[in-house]
Each structure stands twice: as C-alpha cells, then as structure tokens.
Amino acid sequence: METLIEVVPAPKDFGNALIGAEEGSDIDLNVRLESVSDGILVSGTADLTVSGECSLCLDPVEFDLTADVQELFVFESAPAGGPEDEADEQYAVENDDIDLEPALRDAVILQLPFQPVCSDSCLGLCSQCGFRLEEDPEHHHEVIDPRWSALSALLDADKQ
Ligand SMILES: [Zn+2]
Ligand SMILES: [Zn+2]
C-alpha cells in the first residue's frame, strides 16, 4: 500500500458550467493506493477551493470542497478475456501507471451543486428587469393583464 499526499494544480475545466476549481489552483490530494487482485484501488480525499457564480444573483461564490475519491483502476484485461463489457465506465492501469485526473474530475463534479447559490436566502434578480431583489424585497412590477390593457385602450379611445 502506498499513500500519496501531494498538492497538484487544478487542470482546465475542473468543474461544471457554473462552478469549479480555478485552473492552477491547489488540489490537496490525500489518497491511498492499494493493490487488489484485479487492479489498484484508489481511495482518499481531495481538498480544493471552488469558485463560480450564484445561479440566482450572479454574485461570486467560493467555498472549500472535500471530494471523496474511491475508484478501482483495473489492470488491462488479457485479450482472451471475453467480451469487453463495462469497459467504457472503468479506469484502467496503463503501463503500470494510473491517471488520477479523470477519476478526480468525476469525483469533484459529482459533489458540485448544479445551481450554486451565494446563500440559502438569496433572493436572486427580478426576472423582468434584473433588479437585485436583496436590496428591496418588495420590488415588483405592476402586471397588467393584456385583456385589461386592451379594454383600457378602448376606454381611452372613447374619451376622445
Ligand atoms: Zn445569490
Ligand atoms: Zn424588476
């Protein structure tokens, strides 16, 4: 068994569309590599800081994330090993080496919110004018039903 404690720079696009680790920022890896019968079991954690935008008000959002990593990297199967099922979903040991990056990326993305928010009470922006509702929760627009506006036009016409 081997323990890997290392700080690696975050690769590009390490996250989803709204939030992720900034390229080059630190990822603190603390993983164990264990030889098992059919491969190498990687387990541990990755600590990183992710940043992005609040999906409601677009304010910057930043928080620390600890991603649990647990993946089995299988030894490349012998050619006589039958049909290659599940081959697409598995990580492989290649040339006695493992590429942690894709496994790490999957583990981190899995734990990122799809719609990050700056706070649980974020009110977001007005859907009509983009006004920051936090500054005035009472903010609203008079909504005129189109049928009424047609009527008021008629009344206006009457007056002339
Ligand atoms: Zn917000
Ligand atoms: Zn508005």
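Along the sequence shown, residues carry numbers from 1. Reckoned from all heavy atoms, side chains included, excluding hydrogens, waters and symmetry mates. Whatever order the structure lists ligands and atoms in, that order sets their numbers, starting from 1. Being a predicted model, the structure only gives us computed values, none of them experimental.
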**Request:** Please check if V93 and L100 belong to a single hydrophobic cluster, counting links between Ile, Leu, Val, Met, Phe, Trp and Tyr side chain heavy atoms closer than 4.5 Å.
**Result:** yes
**Message:** Within the 3.5 Å criterion, strictly below it, is a donor on N30 or T45 matched to an acceptor on the partner's side chain?
**Reply:** no
**Message:** Test of geometry: compute the angle SG(C57)-the Zn ion (ligand 1)-SG(C118) and round it to 10°.
**Reply:** 110°
**Prompt:** Going only through I, L, V, M, F, W and Y residues with side-chain contacts under 4.5 Å, is there a path from F14 to L18?
**Reply:** no
**Complete:** Smallest heavy-atom separation, C57 atom then L125 atom, equals CA-CG, 3.8 Å
**Prompt:** So what does the H139 NE2 - the Zn ion (ligand 2) - C126 SG angle come to, to 10°?
**Reply:** 110°
**Prompt:** Does any N, O or S atom in C129 come within less than 2.8 Å of the Zn ion (ligand 2)?
**Reply:** yes
